[in-house]
There are 2 protein chains.
Amino acid sequence: MAAAAGVSITTVSDALNGKGRLPDATRRHVREVANRLGYRPSAAARTLRTGRSGLIGLTVTTYGEEPFTFTEFAYFAEMARAATSAALARGYALVILPASSRHDVWSNVALDGTVVIDPSDHDPVVADLVRQGIPVVSDGRPAGNLPVHAWVDNDHEQAVIGILDHLAAAGARRIGLLTGTSTDTYTRLSTSAYLTWCERVGQEPVYEAYPAHDPCAGAVAADRLLARPDRPDAVYGLFDPNGTDLLAAARRYGLRVPDDLLLVCCSERAAYATTEPPISTLSLKPGRIGTAVVQLLIDAIEGVGPGQPVSQVMPTDLIVRASSQRRPPRTTVSPPRTPEED
Amino acid sequence: MAAAAGVSITTVSDALNGKGRLPDATRRHVREVANRLGYRPSAAARTLRTGRSGLIGLTVTTYGEEPFTFTEFAYFAEMARAATSAALARGYALVILPASSRHDVWSNVALDGTVVIDPSDHDPVVADLVRQGIPVVSDGRPAGNLPVHAWVDNDHEQAVIGILDHLAAAGARRIGLLTGTSTDTYTRLSTSAYLTWCERVGQEPVYEAYPAHDPCAGAVAADRLLARPDRPDAVYGLFDPNGTDLLAAARRYGLRVPDDLLLVCCSERAAYATTEPPISTLSLKPGRIGTAVVQLLIDAIEGVGPGQPVSQVMPTDLIVRASSQRRPPRTTVSPPRTPEED
DNA sequence: CCGGCATGCAGAAACGTCACAGCTCATGGC
DNA sequence: GCCATGAGCTGTGACGTTTCTGCATGCCGG
């Protein structure tokens, strides 16, 4: 390449990177020759030399053997889309690397930093990354004392309080909760916010907990909740499938939604807009989270922003549909496919 | 590192890679020291030296400004999941790189090969990659004469014929088609298969075409199709949203599904299982495609398999639901969340 | 005519790895 | 006693960049 253009290697590098003291004529000439030869600087060599790969990891902590947790797939898909978008906009590419993947894959790719979704208590991979000085930003408060560089999470307490207030305003007298048995932060914060709210308004808590990763336990728990003697007249489900679970359980008990039972669940599923009746959902706005996480990560990589760990709490969106309104505002036919705005 | 273990650089390399002539004692010693120091061989240096990065690209040809096409999102999500899985199983990591992304991102990452989803006629990026000798495998027959190393696609003709036969068997007398105006292979093959079938059985073709990337045109086209004087009594929609579009249009014209109108559409949406009535869909089995594409790509990278271009045609799956059966087999309550197999 | 100073470029080192050739000892056969 | 053999290790590039230093050259003021 350098020979073809009749200049030195240094000049080629300078011309292509816009550095050094070169007259425009030389720069143009070098670029023109490079173009003609189809020459591309070697990414590997550049990475070796500069210590920057332009790659950031997207790590999913997996429970099963599959690389993605399907329970939160709609969340993950949207989050990954936004993260990819944000990374590309700043000149980085995203590599999907489940925490459970073979060790050799991890050590074979040079990462400038990584995003960790929902890190578990003492994830060995994350700890390893941090020890190597690679910036790590997590989606979700890091459990344990994982020393991540920054994290982004939703304001789960505020979200739960908002929903409970909304249900109470719609006429609910006794609000139940469908929650999980695991000790992750999301479940813990949400449940404790529920209990606090109950205490504040003087309602006896009514809840059922089940192992959230078990795809069948949810339906059983929903059934249990509606079978109780102190059956609630409104339920909030913390997990994505709870909406359909609760709807099915309500049908089995002959309960009409929303007349006999108000329903809200936390989910990104678009399908909840078209169930019978449409179910109100709490959106965690995964797109916003994904973008924020990547911005923080790249800031950390590039050394801009504060040297301190940053934590960013993002609001959620309560999408009110027929299932949580006693007097639904005339059921109009919704226009075909209104693109979801963000 | 070499100094810490009291051996030479070469010995470290050999010990860690299981090469050379070293007694087990030395190997163990080196590994132990490496472990203690938290030493990891530099991926960048290895890539530079060996010419292999262990990275493969997943390229989406985009139409709009966003990195993913939302119209086929369920397809893409599942395909990407399977592809990631397959790549990891063989020690490769996946990088998501929209064809439209900034040029500097493309040149900043060393790819051993790349998967292209639905390459457009003369994609400059793909052509560029091939010219550089990087293996490219495409999901979908490459349009034009893009010189990819291999491709995988569904058997679209067979799929259409299967659906039309199914609808005819269910009692349809005049089957309509909702198709696209673009010239991509999927649309072309499917439409011509429809026309051929019509000719064979002696039915006058009844179809409407619309620009598939326009999120609103579909509803209009569905309406147009059902407003025709020669209104079909069954419709197959080639695109993901057609199911709901057609269902809405049918309601507007007071047509009952499946009694007055049989419906099938091509989609991966799980939501079609719970519409009223549930809509029969043609699944392209994106998981299978993603896996196959990655296997072919890695084979090409590693030089196994034939040196010739390979083309692999995969079967589709017709999921028959109430919308395409005149006599639905008693509407049972489906069990809660049956995990999709495959 | 000479020192100072830009300008335009080239040389060389370094990044960390791997492949190859080679070097130094024992050991053993004859 | 000496060569052949092989085991166990080391030294030396080379991969293709970037970056730092430095060499010419030309121009200017004095």
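Predicted, not measured: the structure shown is a model, and the values here were computed from it. Lettering of chains follows the sequences in order, A, B, ..., and the numbering in each one begins at 1.
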| said: Expressed as a whole number of angstroms, how long is the span from D14(B):CG to dT10(D):P? | reply: 10 Å
| message | Without decimals, in angstroms, what is the distance between M1(A) CE and dT17(D) C1'? | response | 13 Å
| request: Write down the distance between CZ (R21(B)) and P (dG8(D)), rounded to a whole number of angstrom. | output: 8 Å
| field | Basic-acidic side-chain contact under 4.0 Å: R31(B), D24(B) | value | no
| task | Send over the distance from L48(A) CG to dG16(D) C1', rounded to a whole Å. | result | 9 Å
| query | Starting at NZ of K19(B) and ending at P of dT10(D), how long is that distance when rounded to a whole Å? | reply | 19 Å
| field | Earlier contact from the 5' end, DNA chain D, for I9(A) and A45(B) | value | A45(B)
| task | Return no unless some side-chain N or O of T10(B) is found under 4.0 Å from OP1 or OP2 of dT10(D). | result | no
| note | Taken to the nearest whole Å, CZ/R52(B) to P/dC15(D) is 18 Å
| So which nucleotide from dT19(D), dC9(D), dA14(D) ends up closest to the side chain of R49(B)? | dA14(D)
| query | What does S42(B) touch in the nucleic acid at a heavy-atom separation under 4.0 angstrom: a base, only the sugar-phosphate, or nothing? | reply | sugar-phosphate
| S8(B) side chain N/O closer than 4.0 Å to the phosphate oxygens (OP1, OP2) of dT10(D)? | yes
| query | Rounded to whole angstroms, how far apart are CG on L22(B) and C1' on dG6(D)? | reply | 14 Å
| Y39(A) versus Q132(B), side-chain donor and acceptor atoms under 3.5 Å | no
| Looking across every strand, which nucleic acid part, if any, lies under 4.0 Å from N17(A) by heavy atom: base, sugar-phosphate, or nothing? | sugar-phosphate
| task | Verify whether one side chain among D118(A) and Y75(A) offers a donor that lies under 3.5 Å from an acceptor in the other. | result | no
| message | So, applying side-chain hydrogen bond (donor to acceptor under 3.5 Å, both in side chains) with R141(B), which one of D153(B), D184(B), T185(B) is it? | response | D153(B)
| message | Using a strict threshold of under 4.0 Å (side-chain N to carboxylate O), is an ion pair present between K285(A) and E78(A)? | response | no
| task | Mind checking T26(B) for me? I need base, sugar-phosphate or nothing, with any heavy atom below 4.0 Å counting as a touch. | result | sugar-phosphate
| So, S13(B) and T10(B): side-chain donor and acceptor under 3.5 Å apart, yes or no? | no
| field | Opening and closing nucleotides of DNA chain C in contact with chain A, under 4.0 Å to non-hydrogen atoms | value | dT7(C) to dG16(C)
| DNA chain D: 5'-proximal contact among Y39(A) and G6(B) (nearest heavy atom) | G6(B)
| request: Give one of base, sugar-phosphate or nothing for R27(A), where a contact means two heavy atoms less than 4.0 Å apart. | output: nothing
| remark: Rounding to 0.5 Å, atoms CG (L296(B)) and OG1 (T291(B)) come to a distance of 11.0 Å
